[in-house]
Amino acid sequence: MKFRPLHDRVLVRRIEQEAKSAGGIIIPDTVKEKPMEGQIISVGSGSRDENGKLTPLDVKAGDRILFGKWSGTEVKIDGEDLLIMKESDILGIIEGKVASKRAA
């Protein structure tokens with residue numbers, strides 16, 4: 001199924017975090033928090049200002065993003081759990097490789 005969000009909305013797939021803590025402790029699913037990192041699958045055309053001019057979104061499909069814990073609306077499309085959220089719910093774009101933590 002093809003799905004394209006409208007206006008200033010984006011379709012996001014959550015990126016799951018590792019099941020182990022930094023100390024090597026395995027974290028069970030019952031205490032895991034929902035990830036606040038995701039990858040944009042699809043974006044809308046943008047919003048219109050008061051003059052009717054189309055303002056394109058700052059994000060694009062494929063971007064890795066951070067968003068708030070309670071952001072977006074959960075939907076199921078083709079059996080996959082996804083989020084639809086407004087661009088304003090996105091906190092930022094993750095660029096480049098994620099820096100690894102330094103060994104102590």
Side-chain angles (χ1 to χ4, degrees):
M1 172 191 327
K2 289 275 189 179
F3 179 83
R4 185 177 57 89
L6 297 176
H7 309 294
D8 64 339
R9 290 180 174 81
V10 296
L11 183 65
V12 177
R13 175 184 298 124
R14 287 185 194 268
I15 297 175
E16 295 296 326
Q17 304 296 328
E18 234 180 283
K20 284 186 182 178
S21 69
I25 299 171
I26 296 175
I27 303 167
D29 289 339
T30 55
V31 296
K32 271 191 203 174
E33 299 229 356
K34 289 186 178 180
M36 295 186 299
E37 184 177 329
Q39 182 174 20
I40 295 181
I41 298 172
S42 178
V43 298
S45 58
S47 59
R48 296 204 179 266
D49 62 12
E50 54 273 350
N51 298 326
K53 182 180 175 192
L54 186 67
T55 305
L57 301 179
D58 290 330
V59 294
K60 62 187 179 308
D63 283 349
R64 286 180 62 142
I65 59 166
L66 287 177
F67 50 88
K69 185 182 283 190
W70 308 110
S71 298
T73 302
E74 294 183 357
V75 295
K76 188 170 267 202
I77 298 176
D78 288 339
E80 185 177 12
D81 290 327
L82 302 171
L83 288 170
I84 297 174
M85 66 180 68
K86 288 187 165 240
E87 184 186 33
S88 59
D89 291 338
I90 297 172
L91 303 175
I93 300 171
I94 300 171
E95 296 177 348
K97 287 188 173 186
V98 176
S100 60
K101 294 183 179 181
R102 295 188 310 181

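One finds the CD1 atom of I94 at 8.5 Å from the CD1 atom of I65 (value rounded to the nearest 0.5 Å). Between atom OG of residue S45 and atom CG of residue D8 there is a gap of 9.0 Å, rounded to the nearest 0.5 Å. Considering CG of D81 and CZ of R13, their distance stands at 11.5 Å, rounded to 0.5 Å. The NZ atom of K69 sits 12.5 Å away from atom CG of L91, with the distance rounded to the nearest 0.5 Å. Distance OG/S42 to CZ/R4: 7.5 Å, rounded to 0.5 Å.
Among all heavy-atom pairs drawn from L83 and G72, the shortest one is CD2-C, 4.4 Å. Minimum heavy-atom separation, L57 to G44: CD1-O, 3.7 Å. Between P5 and L11, the shortest heavy-atom distance links the atoms CG-N, 3.8 Å.
Using a 4.5 Å heavy-atom threshold, the side chains of S71 and M85 count as touching. In this structure the side chain of I90 reaches within 4.5 angstrom of the side chain of I40, judged on heavy atoms. Side-chain contact between I93 and V59 is present, with heavy atoms from C-beta onward closer than 4.5 Å. Considering only heavy atoms from C-beta on, R14 comes within 4.5 Å of F67 through its side chain. Contact check for I84 versus V10: no side-chain heavy atoms found under the 4.5 Å cut-off. Between Q39 and I15 the shortest side-chain heavy-atom distance falls below 4.5 Å.
Electrostatic pairing of K86 and D89 does not count as a salt bridge here, judged by no charged N lying under 4.0 Å from a carboxylate O. Ion pair E87/R9 not flagged as a salt bridge, since none of the NZ, NE, NH1 or NH2 atoms sits closer than 4.0 Å to an Asp/Glu carboxylate oxygen.
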Go through I41 and L82 one step at a time and tell me if the side chain to side chain contact (heavy atoms under 4.5 Å, CB included) criterion holds. CA-CA 9 Å; I41 298 172; L82 302 171; 3.6 Å; yes
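Remark: the backbone N or O of E80 is not paired with any side-chain donor or acceptor of D78 at under 3.5 angstrom.
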